[in-house]
Amino acid sequence: MSSAASAVADIIEVEMLNRNDAGERMVFSQELIRAEVGDTIRFIPTDKSHNAQSVRDALPEGQEAFRGRLNEAVEYVVTEAGLTAVVCLPHQSMGMVALVVVGDDVSNAEQILDARIPGKGGDKIEALVEEARAMVAEPVNEADQTS
């Protein structure tokens, strides 16, 4: 017997920006990106001189790495649960980084923290990993539990 219901994958668009609405420079429009296995994350260069790419050894086991060209959109198809560090290579030291959180799996957080991301990018990745850990550790809504 097969199920008639099928999972619908999302396309998540993330812009690569010189400046966001808050005045922060060299940023992704989303820095903590929630996704599920099967989703596609599309990184779009709305300003020139940006790319998006995964960081060596900073993605879940089995997940294929990706590297976008400068000034070109790139798509990242999520195949594994866990964390993936993403950088704009020319601006990573300025803090242009993002963290993809797939499912509630943060088991490879130490691997992300051990990745070599220079300057402000390394500091921001540390903060994003802590934010992801806290988000996953949030307790279940008490209203959903019965006594």
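None of these values were measured; they are calculated from a predicted model. Values below: every heavy atom of this structure, side chains too, minus hydrogens, waters and symmetry copies.
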Would a 4.5 Å heavy-atom cut-off, applied to side chains only, mark [X] and [Y] as touching?
X: T84; Y: V102; answer: no
X: V87; Y: Q53; answer: yes
X: H91; Y: S49; answer: yes
X: M94; Y: K120; answer: no
X: N108; Y: E80; answer: no

More than 12 foreign heavy atoms under 6.0 Å from [atom1] of [X]: is that the case here?
X: R133; atom1: CZ; result: yes
X: D21; atom1: CG; result: no
X: E64; atom1: CD; result: no

Nearest 0.5 Å, please: how far is [atom2] in [Y] from [atom1] in [X]?
X: N20; Y: R25; atom1: CG; atom2: CZ; result: 11.5 Å
X: R56; Y: R67; atom1: CZ; atom2: CZ; result: 10.5 Å
X: E72; Y: I44; atom1: CD; atom2: CD1; result: 13.5 Å
X: E13; Y: E75; atom1: CD; atom2: CD; result: 9.0 Å

Evaluate side chain to side chain contact (heavy atoms under 4.5 Å, CB included) for M16 paired with M96, printing each intermediate quantity in order. CA-CA 9 Å; M16 298 179 255; M96 192 165 178; 3.7 Å; yes

Can you tell whether the side chains of R34 and E131 come within less than 4.0 Å, N to carboxylate O?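 Answer for the salt bridge query: no.
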
Taking all non-hydrogen atoms of both residues, which atom of [X] and which atom of [Y] are closest, and how far apart?
X: V100; Y: A35; value: CG1-CB, 4.3 Å
X: V129; Y: A109; value: CG1-CB, 3.8 Å
X: M135; Y: L32; value: CE-CD2, 3.9 Å
X: V55; Y: A115; value: CG1-CB, 3.9 Å
X: A85; Y: I125; value: CB-CD1, 4.1 Å

Identify whether [X] and [Y] are in the same connected component of the hydrophobic contact network (ILVMFWY, side-chain heavy atoms under 4.5 Å).
X: V37; Y: Y76; result: yes
X: V101; Y: V97; result: yes
X: L83; Y: V77; result: no

Would you call the rings of F66 and F43 parallel, tilted or perpendicular, where under 30° means parallel and over 60° means perpendicular?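 Rings of F66 and F43: parallel, as their planes differ by under 30°.
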
Kindly determine whether D10 and E36 satisfy side chain to side chain contact (heavy atoms under 4.5 Å, CB included), including the steps that lead there. CA-CA 8 Å; D10 286 334; E36 297 298 330; over 6 Å; no

When you look at H50 and N18, which way does the side chain to side chain contact (heavy atoms under 4.5 Å, CB included) test go after all the steps? CA-CA 9 Å; H50 299 297; N18 286 346; 2.7 Å; yes

Side chain to side chain contact (heavy atoms under 4.5 Å, CB included) for V14 and I41? Distances and angles first, verdict last. CA-CA 7 Å; V14 178; I41 303 169; 4.0 Å; yes

Could you check whether any side-chain N or O of [X] sits under 3.5 Å from a backbone N or O of [Y], counting only pairs where one atom can act as donor and the other as acceptor?
X: Q111; Y: D57; value: yes
X: Q63; Y: T79; value: yes
X: N51; Y: L89; value: yes

Sole residue of I112, I33, V86 in side chain to side chain contact (heavy atoms under 4.5 Å, CB included) with L99: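 When side chain to side chain contact (heavy atoms under 4.5 Å, CB included) is applied between L99 and each of I112, I33, V86, only I112 qualifies.
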
